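A quick note: this is a predicted structure, and the numbers were derived from the prediction, not measured.
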Amino acid sequence: MKPLSECRVAVIGLGLMGASLCMDLKRRNLCREVRGVTRNFSTILRAFHEDAVDLATTDLSSGVAGADVVILSTPVRAVVTMLETLGPILWPGTVVMDMGSTKAEICAAMDRLPPRVQPIGGHPMTGKETAGYAAAESGLYEGAPWVLTPLPRTTTETVSLASELATSIGAFPITMEAVRHDRLVAAISHLPYLLASGLVHTVKDSGANDAAVWDLAAGGFRDTSRVAASDTQMFLDILMTNRDAVLAQMDTMSGHLQELRMLLADSDEESLRTKLSCSQTTRAAWKPKQGVLASQAK
């Protein structure tokens with residue numbers, strides 16, 4: 001298998017994640033050729049003229065022809081559908097990777113690719129609330145975890161190449177099984193989105209009676225509601241392809257909220273103090289790896 005420096009890399013989907021990846025690959029001169037594939041012709045023109053890619057096209061077949069690495073950067077369910085289309089047209093030896101936020105359904109679809117293709121799931125743990133090419137930026141992946149989910153058929157050489165790609169743009173690869181990934185991100189990513197959505201609805205209801213609540217909203221509301229501004233369709237795909245894990249985490253969270261409510265209703269100050277102190281200590285003890293917090297705050 002070729003090293004990354006000799007690879008032709010085709011990125012399908014030039015939104016925030018895909019375009020940011022292209023920018024890093026191109027501007028750091030990390031591979032032989034960077035191709036961008038998207039249905040939006042104006043995005044194609046912009047990416048090419050801004051030197052984010054070497055080649056850009058709206059035609060999927062020509063975009064992936066002869067590519068050594070094909071990376072799918074579209075919503076999760078679009079990735080699953082596109083894998084069916086890609087299978088017959090990929091050249092032998094092509095490495096197929098994705099950047100989706102859930103992995104089990106994608107990896108199952110990858111396993112249906114022809115034997116001549118090498119699949120590996122991927123999920124860079126970074127992003128922004130804003131979507132689209134206009135939000136893309138070089139350096140988005142700096143310091144971010146990049147989860148790799150190899151299939152049983154995935155070769156060690158493919159894992160090494162995917163790891164090299166992640167490392168070369170400043171991310172750090174973490175390899176794990178797809179179902180485990182989905183269970184963990186349900187707690188740290190998908191549940192927080194639903195909690196933020198619930199918070200915004202609660203404040204909106206309060207604002208219906210007294211609009212001054214929006215004038216008073218400051219840092220606490222901003223920080224805890226931030227992810228509610230994320231792309232709705234993207235999160236619908238995430239939630240629907242990780243439904244069971246998310247529901248399990250919602251049940252756990254509901255239990256904690258009910259306990260907090262009961263303690264407050266009973267004016268059980270000492271027990272409430274113990275519960276709150278536990279969460280304070282747990283959160284204070286969490287130390288993200290260097291650079292992760294900065295990249296996730298973008």
Side-chain angles (χ1 to χ4, degrees), residues 15-17 20 75-77 100-102 124-137 140 144 182-288 292-298:
L16 167 66
M17 305 299 282
S20 295
V76 174
R77 287 187 286 191
S101 298
T102 63
M125 301 290 295
T126 187
K128 299 180 182 180
E129 292 74 55
T130 49
Y133 180 88
E137 63 178 73
L140 179 68
D182 288 359
R183 183 178 71 250
L184 296 177
V185 295
I188 62 170
S189 180
H190 308 162
L191 176 64
Y193 170 75
L194 290 175
L195 291 174
S197 176
L199 173 61
V200 171
H201 280 289
T202 301
V203 175
K204 182 182 178 183
D205 290 346
S206 179
N209 298 319
D210 190 344
V213 70
W214 297 109
D215 298 324
L216 300 181
F221 175 75
R222 179 196 63 218
D223 294 342
T224 51
S225 66
R226 179 176 60 87
V227 293
S230 299
D231 182 75
T232 300
Q233 186 58 54
M234 177 188 74
F235 260 102
L236 276 174
D237 276 24
I238 290 170
L239 296 172
M240 297 307 293
T241 57
N242 200 25
R243 184 174 59 244
D244 290 345
V246 173
L247 288 172
Q249 295 298 336
M250 291 180 74
D251 289 343
T252 300
M253 183 68 193
S254 179
H256 287 295
L257 286 174
Q258 287 300 318
E259 181 182 359
L260 288 166
R261 187 188 190 287
M262 179 186 68
L263 294 175
L264 182 60
D266 292 345
S267 297
D268 189 345
E269 186 171 346
E270 286 307 308
S271 296
L272 185 58
R273 183 194 308 277
T274 299
K275 181 78 172 177
L276 297 176
S277 294
C278 178
S279 58
Q280 177 194 33
T281 302
T282 302
R283 178 59 177 82
W286 173 62
K287 302 297 181 184
V292 176
L293 200 57
S295 68
Q296 289 181 340
K298 292 181 178 180

Taking all atoms of both residues into account, what is the closest heavy-atom pair of G127 and M17, and its distance?
CA-SD, 4.2 Å
Closest non-hydrogen contact found for P192 with A187 is CD-O, 3.3 Å
Please report, to 0.1 Å, the donor-acceptor pairs under 3.5 Å made by any side chain of residues 233-242, with sequence neighbours excluded.
residue	atom	partner	partner atom	Å
Q233	NE2	D237	OD1	2.9
D237	OD1	R77	NE	3.0
D237	OD1	R77	NH2	3.0
D237	OD2	R77	N	3.0
T241	OG1	T102	OG1	2.8
T241	OG1	D237	O	2.7
T241	OG1	I238	O	3.2
N242	ND2	D182	O	2.9
N242	ND2	H190	ND1	3.2

Could you report the tightest heavy-atom contact between K128 and E137, atom names first, then the distance?
NZ-OE1, 2.6 Å
What is the minimum heavy-atom distance between A135 and L16, and which atoms define it?
O-CD1, 3.3 Å
Using residues 202-212 as the side-chain source, report each donor-acceptor pair under 3.5 Å to any protein atom, sequence neighbours left out, with the distance given to one decimal.
residue	atom	partner	partner atom	Å
T202	OG1	G198	O	2.8
D210	OD1	A212	N	3.1

When the side chains of residues 253-269 are checked against the rest of the protein, which donor-acceptor pairs come out under 3.5 Å, sequence neighbours left out?
residue	atom	partner	partner atom	Å
H256	ND1	K275	NZ	2.7
E259	OE1	K275	NZ	2.9
D268	OD1	S271	N	3.2
D268	OD1	S271	OG	3.1
D268	OD2	S271	OG	2.9
E269	OE2	R273	NH2	3.4

Of all heavy-atom pairs between V200 and A228, which one has the smallest distance, and what is that distance?
CG2-CB, 3.8 Å
Point-to-point distance, once rounded to the nearest 0.5 Å, from CG of L195 to OG1 of T224
10.0 Å
Is any side-chain heavy atom of V185 less than 4.5 Å from a side-chain heavy atom of M125?
yes
Pairs involving residues 202-231, ordered by first then second residue, that meet ring pair (Phe, Tyr, Trp, His ring centres under 6.0 Å) (sequence neighbours left out)
W214-F221
Taking every non-hydrogen atom, the tightest pair across T126 and A144:
CB-CB, 3.8 Å
Report yes if the side chains of V246 and L191 come closer than 4.5 Å at any heavy-atom pair, otherwise no.
no
To the closest 0.5 Å, what do you measure between CZ (R226) and CG (L199)?
13.5 Å
Short side-chain to backbone donor-acceptor contact, T281 and C278, under 3.5 Å:
no
At what distance, to the nearest 0.5 angstrom, does NE2 of H201 lie from OG of S225?
12.0 Å
Just verifying a value: how many Å separate W286 CH2 and I188 CD1, rounded to the nearest 0.5 Å?
8.5 Å
